[in-house]
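Lettering of chains follows the sequences in order, A, B, ..., and the numbering in each one begins at 1.
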Amino acid sequence: MTAGNASIPGGGRKDPRGPGNRRLFFKLGVIVLAMFGFGYALVPFYNQICRATGLRDIDQPDEVVNTQVDATRSVRIEFDTNLRNMPWKFRALQESTDIHPGAVTQVMFEVVNNSDHPVTGQAIPSYGPQFAGQYFRKLDCFCFKRQTLAPGETRKMPVVFVVDPKLPRQVSTITLSYTFFEVEGNGNG
Amino acid sequence: MSSITQPVGGHGHGHDEHAHHPTGIMRWVTTTNHKDIGTLYLWFSFTMFIVGGIMALTIRAELFEPGMQILAPERFNQMTTLHGLIMIFGALMPGAVGFANWMIPMQIGAPDMAFARMNNWSFWLLPPAAILLVLSLFVPGGAAETGWTLYPPLSIQSGMGMDLTIFAIHIMGASSIMGSINIITTILNLRAPGMTLMKMPVFCWAWLITAYLLIAVMPVLAGAVTMLLTDRHFGTSFFNAAGGGDPVLFQHVFWFFGHPEVYIIILPAFGIISEVIPAFSRKPVFGYASMVYALSAIAILSFLVWAHHMFTTGLPAAGILFYMYATMLIAVPTGVKVFNWLATMWKGSISLEAPMMFALGFLFLFTTGGFTGLILAIQPVDVQFQDTYYVVAHFHYVMVAGTLFAFFAGIYYWLPKWSGKMYNETVAQWHFWLSFIFFNVTFFPMHFLGLAGMPRRVPDYAQQFTDWNQVATIGAFGFGLSQLVFLYAVVSAIRSGKPAPAKPWDGATSLEWTLPSPAPYHSFETPPVVK
């Protein structure tokens with residue numbers, strides 16, 4: 001690291017306005033720019049890590065590992081729908097359903113855009129009790145992608161899911177709750 | 001300053017600058033002299049210390065009793081945010097850069113900093129940034145109320161005070177980056193003949209490593225707040241869950257900056273302590289090489305531990321274990337430094353002037369803060385202490401009793417060289433003892449409050465916390481008023497102190513003490529030869 005000066009052993013002193021300073025300035029400047037870019041690179045890196053470790057794969061279909069239907073018990077799935085400051089109507093077409101763990105089930109939801117302009121929304125699922133989420137495997141869901149509704153449009157949307165039979169026995173009810181958030185910046189001013 | 005010496009056969013450009021030397025305020029605005037800029041940094045730092053301190057006292061006054069007294073809840077949160085930002089970016093970091101500006105050229109035998117004009121620019125960026133921060137209190141919605149960590153979603157939702165804060169951080173970041181490039185270039189290119197890297201005072205080493213940390217992480221913070229800004233106004237969704245972003249990502253990016261940042265704050269303090277303790281023990285610093293390696297090890301490890309600030313965010317178990325053990329590993333190089341300081345004092349001829357008193361106070365209290373840091377590093381414990389007053393106690397032990405006490409030590413140590421006048425030892429001893437006692441009265445009870453579960457950043461608290469909060473508030477006002485003693489000690493020394501000899505401390509050895517006191521406006525224009 002010593003910017004050595006051959007005639008003076010050890011010391012690195014140069015003319016204070018010499019080209020050595022300018023070179024070092026630009027080298028350090030490159031580090032600064034690279035680290036600014038690194039901050040942004042953390043974003044895709046973080047998403048990849050979360051995907052690889054399965055920490056946040058809410059927009060991907062789940063893999064079903066065990067399709068054995070456990071007919072010895074049934075679990076009640078309740079549905080809850082919420083809107084966050086959106087000019088939509090959002091409801092589940094069934095209030096609840098009783099299923100056997102391991103059985104593939106389809107349920108339907110409906111959204112209506114009551115406004116006079118197209119609106120894009122993204123649904124975020126959550127579960128009650130929270131830990132039930134890891135046993136709840138969605139094969140298809142409207143929450144995997146953004147939904148854009150034209151003015152006045154009504155859309156029926158399916159969710160196909162399997163509840164893992166490994167679900168602890170004491171859980172007899174799971175609440176699946178969706179909240180639609182508006183995705184801004186899509187020309188809906 | 002009347003002490004400007006005429007250049008004796010100086011270089012041509014040096015002559016020109018003298019001929020048109022502005023006076024009055026323009027002297028300070030246009031100065032490119034490292035000593036002037038160091039002075040500006042130090043006074044700016046002190047001003048911000050007072051501003052941030054008044055905010056701290058407002059917080060403590062509100063917390064004197066349970067219930068709401070003097071601040072609305074959102075104002076309280078704005079106070080905690082601005083107190084943190086102003087103390088870190090306004091007081092501690094510029095203070096450290098002030099020391100670097102004054103001391104690094106004199107300690108390595110350089111005539112000035114490598115980029116003198118950029119040096120002026122990097123200082124004068126700071127006052128506008130500070131004004132933006134303070135001004136944000138008066139815009140609709142008030143200042144940022146997120147705490148200095150600016151976590152979303154609140155930082156995405158809050159008012160325009162947040163935008164002012166983001167711009168202030170951009171400006172202060174640019175200032176630190178320019179200052180760091182200047183320091184690195186000065187140290188690597190402008191050392192006097194014979195001043196090898198491993199002969200440099202530890203203070204210069206500490207700042208060289210700090211400067212590298214700064215250019216590595218300040219851009220990451222700039223990126224993080226830029227992402228916040230675009231999430232707020234330009235429809236991006238880095239952290240906005242509604243658009244598929246993740247607020248936890250912000251915590252990762254922020255703490256990737258934030259953890260090295262705590263070493264950026266403490267390493268220059270380590271450097272100052274490594275100058276003061278040998279001088280007042282009349283022995284060279286024990287284990288010079290291991291001091292340098294320990295500084296480097298702390299810097300490298302600081303990049304690998306950021307997620308210990310996020311133990312409650314639901315990290316996978318493997319991650320928790322990694323960050324927990326990596327964090328504990330930092331205690332090893334830090335321990336090396338503490339033991340080296342103790343070994344430096346061992347069998348030394350110790351005298352207890354104010355710089356040494358503050359260094360000893362630093363050693364004792366910083367180590368206490370280090371131990372509570374180790375306790376917080378243990379994830380199962382941290383889950384209990386997260387966001388309690390235990391954390392507040394911990395980081396004030398390392399930042400106030402650590403960095404700030406080291407700054408006091410450095411100021412009393414070098415003031416004779418800077419001003420040519422000795423401070424009044426009695427006043428300085430009063431300043432030390434008042435600060436030491438009131439610091440502990442303020443912050444030691446916060447350990448108890450945190451252990452009992454009192455959350456931080458909340459303006460109200462349960463009845464049972466009242467007693468210790470009242471003790472802490474009394475301590476805080478005592479500590480704040482003690483700093484007026486400091487101001488008096490410094491001002492009275494500059495105005496009417498006894499003239500200081502070139503080397504007032506007989507144990508001091510580094511190059512700056514070969515210069516007369518006060519240090520001439522231009523020093524080491526002819527490089528000294530170091531054997």
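- Scored by the ring-ring contact (aromatic ring centres under 6.0 Å, His included) test, Phe238(B) finds Tyr40(A) as partners (sequence neighbours excluded).
- Shown here for Val220(B) and Gly39(A), the closest heavy-atom pair between the two residues is CG1-CA, 4.3 Å.
- Residues Ala114(B) and Asn21(A) share a closest heavy-atom pair of CB-ND2, 3.9 Å.
- Across Val248(B), Thr185(B), Asn182(B), the residue that shares the most heavy-atom pairs under 4.5 angstrom with chain A is Thr185(B).
- Under the rule for a salt bridge (Lys or Arg N to Asp or Glu O under 4.0 Å), the partners of Asp98(A) that lie at least two apart in sequence or sit in another chain are Arg76(A).
- Ala222(B) touches chain A through backbone and side chain together, each having a heavy atom under 4.5 Å away.
- Once rounded to the nearest 0.5 Å, the distance linking CD1 of Ile31(A) with CD1 of Ile181(B) reads 8.5 Å.
- Comparing Thr179(A), Leu24(A), Leu42(A) by heavy-atom pairs within less than 4.5 Å of chain B, the highest count is held by Leu24(A).
- Residues passing the side chain to side chain contact (heavy atoms under 4.5 Å, CB included) test with Leu321(B), sequence neighbours excluded: Tyr325(B).
- Between chain A and the options Leu249(B), Val529(B), Thr236(B), the largest number of non-hydrogen pairs under 4.5 Å is found for Leu249(B).
- The line from CD1 of Ile184(B) to NZ of Lys27(A) is 12.0 Å long, rounded to the nearest 0.5 Å.
- Between chain A and the residues Thr226(B), Thr186(B), Asp112(B), the most heavy-atom pairs under 4.5 angstrom are made by Thr226(B).
- Contacts from residues 250-258 of chain B to chain A, taken as heavy-atom pairs separated by less than 4.5 Å, involve His252(B), Val253(B), Phe256(B) in sequence order.
- Between atom CD1 of residue Ile177(B) and atom CG of residue Leu33(A) there is a gap of 9.0 Å, rounded to the nearest 0.5 Å.
- Interface remark: Met218(B) contributes no atoms to any contact with chain A (heavy atom separation under 4.5 Å).
- Atom CZ of Phe131(A) has more than 12 neighbouring heavy atoms from other residues, nucleotides or ligands inside a 6.0 Å radius.
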